[in-house]
**Q** 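Sending over a structure as structure tokens; questions will come in a sec.
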Amino acid sequence: MQSLVLRLKDMDNVPLLLVGGKGLNLGKLSRMEGIHVPEGFCVTTEGYQEAIRHNEAYHALLERLTVMQAKGQDPAQLLDISRAIRETIEESEIPPGVVAAVTQQLAQFGNGTAYAVRSSATAEDLPHASFAGQQDTYLNVIGLDAILEHIRKCWASLFTDRAVIYRMQQDYDHRQVYLSVIVQKMVFPQASGIMFTADPVTNNRKLLSIDAGYGLGEALVSGIVSADVYKVRDENIVEKRIASKKLAVYTLPEGGTELRQLDSAQQGAETLTESQIVQLARIGRGIEASFGGLQDIEWCLADDIFYIVQSRPVTTLYPIPESGDQENRAYVSVGHGQMMTDAMKPLGLSFHLMVTPAPMRVAGSRLFVDVTAYLASPARQTIVDTLGKSDPLVKDALLTILEREDFIPVSPELQPSASPGKSKPDIPDPHEQAPLKSDPATVTELIKNNEASVDELKQAIQGKSGAELFDFIRGDIKELKRLLFDPRSTAVFMAAMDASAWLNEHLKEWLGEINAADTLSQSVDNNITSAMGLALLDVADVIRPFPQVTDYLQQHVQDGDFLAGLLAIEGGQGAYAALTEYLGKYGMRCTGEIDITRTRWSENPVILIPMLLSNIRQFAPGAGRQKFQQGLKEAREKERDIMERLRLLPDSEDKMRETRQRIELVRHYIGYREYPKYGMVSRYLVYKQAMMQEAERLAQAGSIHGKEDIFYLQFEELYEAVRTGAFDDELIKRRKDEFKLAEKLTPPRVITSEGEILSGRYRREDLPPGALAGLPVSTGVIEGRARVILNMEEAELEEGDILVTSFTDPSWTPLFVSIKGLVTEVGGLMTHGAVIAREYGLPAVVGVENATLRIQEGQRIRVDGSTGYVELL
């Protein structure tokens, strides 16, 4: 029983499972030179396990909790069981060995000493998850009996409601978490607080942040009082915010703590002197260096000595893209532009990196464009303005960087068209394209060439396997890039975008029209994505006359293999044919389709059933054609109205001629904006089908555990593994764990090499009080019921609802036929959701920060797609 209790200063190379995260870190801190840690000892997890080993009631309750959680039972029932577990532990006896060991340790410190008794769980203060504040701490505990009682309370706090819920969220097994208890001599501080070695607000790793208040730190941690805030950079204090500190927590002579009123002189005084602030910051940087990572540190000041009572890894900051140098850099999120901010698996990331010519970096399993060279260019303002047309929040964030002239200074020798040693970034400059005349045959030819190329790919890839398959895919990527970056293709949609901007600018000036191009863009030809939404209405028309088919679909809404069963139902043959045809044209699509590893509709057609049933229920036959014709009618009426009004103006002939030319460009070319991505994901499906056949062979041969293991390898790693037959199981397992963690991160729009996140803001003063600001992308004002939906597959919309979601990509388009307005947290003027909203005539506002949290499900809202805001009614 030698490991029942360990002195903190003796805890050298002890395992985490013995002392928990807090105990492990305190042991390391106790041995650091120049760091003061209150003396104490740790009642190890062996003591806890000894206490519960033969407690049948505890084990029965714990097993019940685990089973009920796995079955998805009501959380309230789970918390009832947790409460019963706590009561069972608090009523249990402390093993005699633990009592003896604790008594021996206390005797060395003398009678009457006050202690802090603190929980330290094995799932706590970890590099990937802090689990902070989930268990209990007790301060100023005096006497053996009181300490033993609070040890038992700490053990029971392993099952507090917050701890149980947090473990459920983090997917931790309750049966695999244990608790040790730290007992330390109390420090009676004049001041205490928290120190982050990176600014928790901006995420800047160069900026250290200190919160400080009088008395015990418990008041700050629990949020009872406000704290002074000091920001330190390179041992220079760069910011101070002095709080009005009316209260503080102090100890009582008989044990325990109390909340006291501070005198008026203290309330507005600075808690720490400047020399103390710098000294504390120096201690923080030393601890950070010793632990090898950013730290969240609890400290207290007594008798002019800083004591460290806890240090844990900071786990909430978004990782910085790696650049390979120490230069200042700025990165823009690819996911915000692509309307897919989810984490991507390694194979998906590597495919995108193979395709794009932009200087890309990966962080948090997402892609970022390194825009440093652009910001250093003499033409940097032009680049920022170009990005701002798509997303004003990105523009505002980059303007903040430009305002700091010493962060990325201008280099006259740099040109905006390319980064040094890098390919040209994927930021189109409209001024690089020659003016294009309106010719529908251009788009027809581009589409025909792409379709022919995909057909050739399907033939050529057949029969290829092993290393030959991956050699072939690598070679075909060149054809994909040729089609994606064909100058004629870029010229087409850039001409439409320029024409759209010209119409909005000039018609507002001449006629007072706001966003006239939105209406003029409705029901254009060759928009593959909007056609996809209308085509699902046509499938609904085939099924609607046969109730038996509808019933079958409702019964098989979770059955991935439902198609074959249609053939045995009256009317099912037609439904089968219609769905098969639809999947043949659109089956390569899915949510997050830029990630080749995501499940496509053709791989799991059940994804379409809720949307299909909604169409059958809500629409009459021919609704697809009617919607297209209605949009076409509105576009033509808008054009006639504009021309009639222009006719009355000075220089009317010139104005009418120029306007008509731009309208033709928009009508003929804007629909093609959606096609290049469709062409890309069409090839992705062909690649993926071939790779999954190879993965099936590898799984059968035992080389990998499951087909989807290949998703956790980069393309070149997968190629090499297939070529050699050597798969790294540990690497795949580690990548799976990393991906799970990355899924929980929220990627920033703009991040710097210092880790600072710049969110940007809308610089407007014309909004109604309380309105949520966003980017207007599709004109019109609409009121209706908000439907807050985060997962397209769970959408149950009724006609007239306003869709509120994080982001939409082309796979969401079939939902657009049922809604009358759109609000998203992510998006820009030319992202897919905006383009389709305009074509369908749906008022839309995108880039609304935290829209899915600030707007409640079922709430009535007003969406102003002309000005760019949402009102909560």
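Side-chain atoms are counted along with the backbone in the values below, which use heavy atoms only and exclude waters and symmetry mates. In this text, all values refer to a predicted model and were calculated from it rather than measured experimentally.
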**Q** Going by an N to O cut-off under 4.0 Å, is there a salt bridge joining Asp471 and Arg474?
**A**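 Yes, this pair counts.
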**Q** Examine distances only and state if a side-chain atom of Arg735 and a backbone atom of Lys733 form a donor-acceptor pair shorter than 3.5 Å.
**A** no
**Q** So, for Tyr678 and Tyr675, is the gap between ring centers shorter than 6.0 Å?
**A** yes
**Q** Answer yes or no: is there a donor N or O on one side and an acceptor on the other, between the side chain of Asn204 and the main chain of Gly755, under 3.5 Å?
**A**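 Judged by distance alone, no pair lies under 3.5 Å.
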**Q** I would like to know whether Glu743 and Lys740 meet salt bridge (Lys or Arg N to Asp or Glu O under 4.0 Å); could you show each step before the answer?
**A** CA-CA 5 Å; Glu743 284 185 298; Lys740 283 184 180 179; over 6 Å; no
**Q** Roughly how far, to the nearest 0.5 Å, is the CG atom of Asn203 from the CG atom of Leu317?
**A**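 CG of Asn203 is found 4.5 Å from CG of Leu317.
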**Q** Judged by atom type as modelled, is there a donor-acceptor pair below 3.5 Å linking the side chain of Thr724 to the main-chain atoms of Glu720?
**A** yes
**Q** Hey, what do you get for CD1 (Ile789) to OG (Ser806), rounding to the nearest 0.5 Å?
**A** 11.5 Å
**Q** Looking only at non-hydrogen atoms, find the nearest pair between Leu758 and Glu756 and report the distance.
**A**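 Minimum heavy-atom separation between Leu758 and Glu756: CD2-OE2, 3.6 Å.
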**Q** Just by distance, no angles: are the side chains of Asp455 and Gln459 close enough, under 3.5 Å, to form a donor-acceptor pair?
**A** no
**Q** Tell me, yes or no, whether the heavy-atom count around Glu694 atom CD, taken from other residues, nucleotides or ligands under 6.0 Å, exceeds 12.
**A**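 Result for CD/Glu694: enclosed.
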**Q** Report the distance from atom CD1 of Ile596 to atom CE of Met680, rounding to the nearest 0.5 Å.
**A** 9.0 Å
**Q** Locate the shortest heavy-atom distance separating Met611 from Pro814; write the atom from each residue and the value.
**A**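 Looking at all heavy atoms of both residues, the closest pair is SD-CB, 3.4 Å.
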**Q** Any non-hydrogen side-chain atom of Asn526 less than 4.5 Å from a side-chain atom of Pro440?
**A**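 No. Closest side-chain heavy atoms not under 4.5 Å.
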**Q** Any donor and acceptor pair, going by atom type alone, linking the side chain of Asp595 with main-chain N or O of Met344 inside 3.5 Å?
**A**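 No; judged by distance alone, with no hydrogens or angles, the pair does not exist.
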**Q** Measure from NZ or CZ of Lys345 to the centre of the six-membered ring of Phe711, then state whether that distance is under 6.0 Å and the direction lies within 45° of the axis.
**A** no
**Q** Mind running side chain to side chain donor-acceptor pair (under 3.5 Å) on Asp476 and Tyr687 for me, showing each step along the way?
**A** CA-CA 9 Å; Asp476 192 75; Tyr687 299 156; 2.5 Å; yes
**Q** Compute the ring centroids of Phe715 and Phe351, then answer whether they are less than 6.0 Å apart.
**A** yes
**Q** At their closest point, which heavy atom of Val817 faces which heavy atom of Gly533, and how far apart are they?
**A** CG1-O, 3.9 Å
**Q** Under the salt bridge (Lys or Arg N to Asp or Glu O under 4.0 Å) rule, what do Arg366 and Asp342 come out as? Steps first, then yes or no, please.
**A** CA-CA 7 Å; Arg366 278 93 170 172; Asp342 294 346; 5.5 Å; no
**Q** Taking the side chain as every heavy atom from C-beta outward, state whether Ile383 and Ser377 have any pair of such atoms under 4.5 Å apart.
**A**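 No; the side chains remain at least 4.5 Å from each other.
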**Q** Ignoring hydrogens, what is the shortest heavy-atom contact between Thr808 and Met339? Give both atom names and the distance.
**A** O-CB, 2.9 Å
**Q** Is any side-chain heavy atom of Tyr582 closer than 4.5 Å to a side-chain heavy atom of Leu608?
**A** yes
**Q** Give a yes or no answer on whether the side chain of Tyr719 reaches the backbone of Gln714 with a donor-acceptor pair at less than 3.5 Å.
**A** no
**Q** Cut-off 3.5 Å, side chains only: do Asn527 and Glu839 have a donor facing an acceptor?
**A** yes
**Q** Measure across Leu612 and Leu536 and return the closest heavy-atom pair with its distance rounded to 0.1 Å.
**A** CD1-O, 3.9 Å
**Q** Answer with yes or no whether the side chains of Glu696 and Gln700 bring together a donor and an acceptor at under 3.5 Å.
**A**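 Present: a donor and an acceptor within the cut-off.
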**Q** Between Tyr672 and Ser489, is any side-chain donor less than 3.5 angstrom from a side-chain acceptor?
**A** yes
**Q** Rounded to the nearest 0.5 Å, what separation is found between the OH atom of Tyr374 and the CD1 atom of Ile408?
**A** 13.5 Å
**Q** Who pairs with Arg600 by salt bridge (charged side-chain N to carboxylate O under 4.0 Å, His left out), at least two apart in sequence or on another chain?
**A**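 Applying salt bridge (charged side-chain N to carboxylate O under 4.0 Å, His left out) to Arg600 gives none.
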**Q** Without swapping roles, check the side chain of Arg838 against the backbone of Val777 for a donor-acceptor pair under 3.5 Å.
**A**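 Yes; judged by distance alone, with no hydrogens or angles, the pair exists.
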**Q** Is there a side-chain contact between Val394 and His336 (heavy atoms, below 4.5 Å)?
**A**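 With C-beta onward as the side chain, the pair stays apart.
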**Q** Between Phe493 and Arg673, is there a cation-pi geometry (under 6.0 Å to ring centre, at most 45° from the normal)?
**A**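 Yes, a cation-pi geometry.
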**Q** Using a 4.5 Å cut-off on heavy atoms from C-beta on, say whether the side chain of Tyr712 contacts that of Leu731.
**A** no
**Q** In the structure I gave you, are the side-chain heavy atoms of Leu579 and Pro605 within less than 4.5 Å of one another anywhere?
**A**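 Contact flag for Leu579/Pro605 side chains = no.
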**Q** For Val524 and Arg667, which heavy atoms make the closest approach, and how far apart are they?
**A** CG1-NH1, 3.6 Å
**Q** Is the side chain of Thr372 donor-acceptor paired with the backbone N or O of Ala330 at a distance under 3.5 Å, no angle test?
**A**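 Side chain of Thr372 to backbone of Ala330, a donor-acceptor pair under 3.5 Å: yes, one is there.
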**Q** With a 4.5 Å cut-off on side-chain heavy atoms, are Val666 and Ser500 touching?
**A**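 Of all side-chain heavy-atom pairs linking Val666 with Ser500, at least one is under 4.5 Å.
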**Q** Answer yes or no: are there more than 12 heavy-atom neighbours, outside Tyr576 itself, under 6.0 Å from its atom OH?
**A**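 Count not over threshold, so no.
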**Q** When rounded to the nearest 0.5 angstrom, what distance separates OG1 in Thr752 from CZ in Arg205?
**A**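 It comes to 8.5 Å.
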**Q** Just checking, any donor-acceptor pair under 3.5 angstrom between side chains of Thr591 and Ser811?
**A** yes
**Q** Can any side-chain N or O of Tyr684 pair as donor or acceptor with the backbone N or O of Met588 at less than 3.5 Å?
**A** no
**Q** Using a 3.5 Å distance criterion without hydrogens, assess whether the side chain of Lys464 forms a donor-acceptor pair with backbone atoms of Ile473.
**A**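 Not confirmed, Lys464 side chain does not pair with Ile473 backbone.
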**Q** Side chain of Glu445, backbone of Thr442: donor and acceptor closer than 3.5 Å?
**A** no
**Q** Kindly indicate, with the supporting measurements, whether the criterion side chain to side chain donor-acceptor pair (under 3.5 Å) is fulfilled by Ser753 and Glu327.
**A** CA-CA 8 Å; Ser753 51; Glu327 300 295 321; over 6 Å; no
**Q** Say you draw a straight line from CZ of Arg589 to CZ of Arg598; how long is it, rounded to the nearest 0.5 Å?
**A**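 Output value for this atom pair is 14.0 Å.
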**Q** Hey, which of Arg482, Glu479, Lys448 is the one that makes side chain to side chain donor-acceptor pair (under 3.5 Å) with Ser453?
**A** Glu479
**Q** Mind checking ring-ring contact (aromatic ring centres under 6.0 Å, His included) for Phe807 and listing every partner two or more places apart, or none if nothing turns up?
**A** none
